[in-house]
J.: 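Just dropping this structure here.
Everything numeric here is computed off the predicted structure, so don't read it as measured data. Indexing begins at 1, ligand by ligand and atom by atom, following the structure's order.
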Amino acid sequence: MIIQPRTRGFICLTAHPEGALQTVKNQIEYVKSKGQLENGPKKVLVIGASTGFGIASRIEAAFGSGAATIGVFFEKPSSEGKLGTAGWYNSAAFEQEAHKAGLYAKSINGDAFSDEVKQQTIDLIKKDLGTVDLVVYSLASPRRTHPKTGVAYASVLKPIGEAFTNKTVDFHTGNVTDISISPVENEEDIQNTIAVMGGEDWKFWMEDMKNAGVLAENVKTVAYSYIGPELTFPIYRNGTIGQAKNDLEATVSIIDDLLKDLGGKSYVSVNKALVTQSSSAIPVVPLYISLLYKVMKEKGTHEGTIEQMQRLFTDRLYTKDGIVPLDDKGRIRIDDWEMADDVQAEVAKRWNSVTTENLSEISDIEGYRREFFNLFGFEIDGIDYEKDTNEDVKVPSIE
Ligand code: NAD
Ligand code: NA
């Protein structure tokens, strides 16, 4: 079939398997060009392994450290005449390349919030790997059904207290407008968002795996957070999602207690703002990212997900001296180059002056737009999108 992008707002409804394969190959090449970690992880579980920071973590673990990987994700498989999702094609590409390189790689497609998928994952670890020495928690979801109560929670992306008005961009048209987002109306919206994106599910995973005996001595686990600049605080860090991130960060000490007798340690890594399926859904943030990309590219400090994960593993989690550099709140910071004073000052200056008219000059809106399509395998160099493509691609380890 000829596969072209079809978008609805910040969602792309189609995905291109050959484009996805090429993006995975490009990430593998990047990681290999950086050399192998000497003391990196060897048996890795990635929860949320199919897109964004999750697939990049999996690629870094496998190709930067020779690790066996199990990936858990929630994607739509392809079938005769029907397209799979981008994360499905990414995972098919990843497994194919990993197997070619002689690396163990298996995947589980299902709801990571459920007890069933946790059990299935534990059974697979027991059968094939015995234990894992790194657990990456990279889920991003708008909803979660609680495994113990069956209650279905939906997260909201809203400010708390007062309405937030600021600039935003439609990255398809390049129109910069003001958007006003009304605050949450009740405490329940905050609690629901914490239930979906907070730390409880990460804790459940670690408890279940500990109880099942599938965590190795000195196991590490890492989950991802975001802080960002003051201009996005009302919608991000001080908004509903920020409360969930506070909860996630507070879960570190609980998991540390759990892992103590194994000599294990848990971390939250604060990552850079990047174009992913999740971040494109947040108002205001895409305009910030467009300006940030331009400034960081000018300074030569721009990174994508794979560069971030390569640096997380090499310069933070698995340093030569074994010391994991942390901030004063105990967090890993790989948003350090984003948050550098000179970068933030320049972004803030441009933020004040940005309009529809000067957008393409002072921001990297074109780079944003292209990366958005790249997430779905489109606009990738070397792919002929007029060519007939086989849409029915299997993830080798999934029936
Ligand atoms: P993403 O949307 O690209 O990835 C989400 C992953 O979660 C996918 O693999 C998806 O299949 C999986 N998933 C979602 N619901 C699931 C479910 N019920 N069961 C199993 N798998 C499920 O998102 P991302 O941007 O890579 O985000 C990952 C983490 O990084 C999040 O915690 C996010 O807040 C954080 N983060 C993102 C940014 C950013 O700018 N994108 C910055 C800092 C931190
Ligand atoms: Na992810």
J.: Would you mind listing which atoms of ligand 1 come within a distance below 4.0 Å of any non-hydrogen atom of G52?
T.: 3 (O), 26 (O)
J.: If the cut-off is 4.0 Å to any non-hydrogen atom of S279, which atoms of ligand 1 fall inside it?
T.: 40 (O), 41 (N)
J.: For atom 37 (C) of ligand 1, tell me which residue out of Y137, Y236, F53 has the closest non-hydrogen atom.
T.: F53
J.: State which residues pass salt bridge (charged side-chain N to carboxylate O under 4.0 Å, His left out) with R316; sequence neighbours excluded, sorted by chain then number.
T.: D336
J.: Check ligand 1 against L274 and write out every atom of the ligand that is under 4.0 Å from a heavy-atom position of the residue.
T.: 39 (C), 40 (O), 41 (N)
J.: For ligand 1, find out whether one of its N or O atoms is nearer than 3.5 Å to an N or O atom of N271.
T.: no
J.: Within the structure, does F113 bring an N/O atom to less than 3.5 angstrom of an N/O atom in ligand 1?
T.: no
J.: Evaluate A273 for polar contact with ligand 1, using N/O atom pairs at a separation under 3.5 Å.
T.: no
J.: By number and element, which atoms of ligand 1 are closer than 4.0 Å to a non-hydrogen atom of S225?
T.: 43 (C), 44 (C)
J.: For H16 together with Y89, are the ring centres under 6.0 Å from each other?
T.: no
J.: Does the N or O separation between E75 and ligand 1 drop below 3.5 Å for any pair?
T.: yes
J.: Is the gap between the ring centers of F204 and H146 under 6.0 Å?
T.: yes
J.: Give the numbers and elements of all ligand 1 atoms closer than 4.0 Å to a heavy atom of A49.
T.: 9 (O)
J.: Would you indicate which of K76, K245, K272, M197 comes nearest to atom 34 (O) of ligand 1 when only heavy atoms are counted?
T.: K245
J.: So, T240 side chain and T193 main chain: donor-acceptor pair closer than 3.5 Å or not?
T.: no
J.: Can you tell me if CD on Q4 sees more than 12 non-hydrogen neighbours from other groups inside 6.0 Å?
T.: yes
J.: Using a heavy-atom cut-off of under 4.0 Å, does the side chain or the backbone of A223 touch ligand 1, or both, or neither?
T.: neither
J.: Going by the closest heavy atom to atom 20 (C) of ligand 1, which one wins out of G87, G110, S50?
T.: G110
J.: Backbone or side chain, does any N or O of Y226 fall under 3.5 Å from an N or O of ligand 1?
T.: no
J.: Would you check whether R144 reaches within less than 4.0 Å of ligand 1, judged by its heavy atoms?
T.: no
J.: Knowing that exactly one of D201, D111, D123, D208 qualifies, which makes a salt bridge (charged side-chain N to carboxylate O under 4.0 Å, His left out) with K118?
T.: D201
J.: Consider every N or O of V72 and every N or O of ligand 1, then say whether any pair is closer than 3.5 Å.
T.: no
J.: Which of the numbered atoms in ligand 1 are under 4.0 angstrom from any heavy atom belonging to S138?
T.: 5 (C), 6 (C), 7 (O), 28 (C), 29 (C)
J.: Do you know the tightest heavy-atom contact between F164 and L231?
T.: CZ-O, 3.3 Å
J.: Between S269, S57, P142, S278, which one has a non-hydrogen atom sitting closest to atom 23 (O) of ligand 1?
T.: S278
J.: What are the atoms of ligand 1, with element, lying closer than 4.0 Å to any heavy atom of D111?
T.: 17 (C), 18 (N), 19 (N)
J.: Could you walk me through whether F53 and L274 pass side chain to side chain contact (heavy atoms under 4.5 Å, CB included), step by step?
T.: CA-CA 9 Å; F53 284 110; L274 285 172; 3.5 Å; yes
J.: T319 side chain to D315 main-chain N or O, any donor-acceptor pair under 3.5 Å?
T.: no
J.: Hey, are the side chains of L83 and T14 touching, using non-hydrogen atoms and a 4.5 Å cut-off?
T.: yes
J.: Taking the ring of Y137 and the ring of Y224, is the distance between their centroids below 6.0 Å?
T.: no
J.: Which of the numbered atoms in ligand 1 are under 4.0 angstrom from any heavy atom belonging to T276?
T.: 3 (O), 24 (P), 25 (O), 41 (N)
J.: For a quick test of reading the model, state the closest non-hydrogen atom pair linking S182 to P159 and the distance between them.
T.: O-CD, 3.6 Å
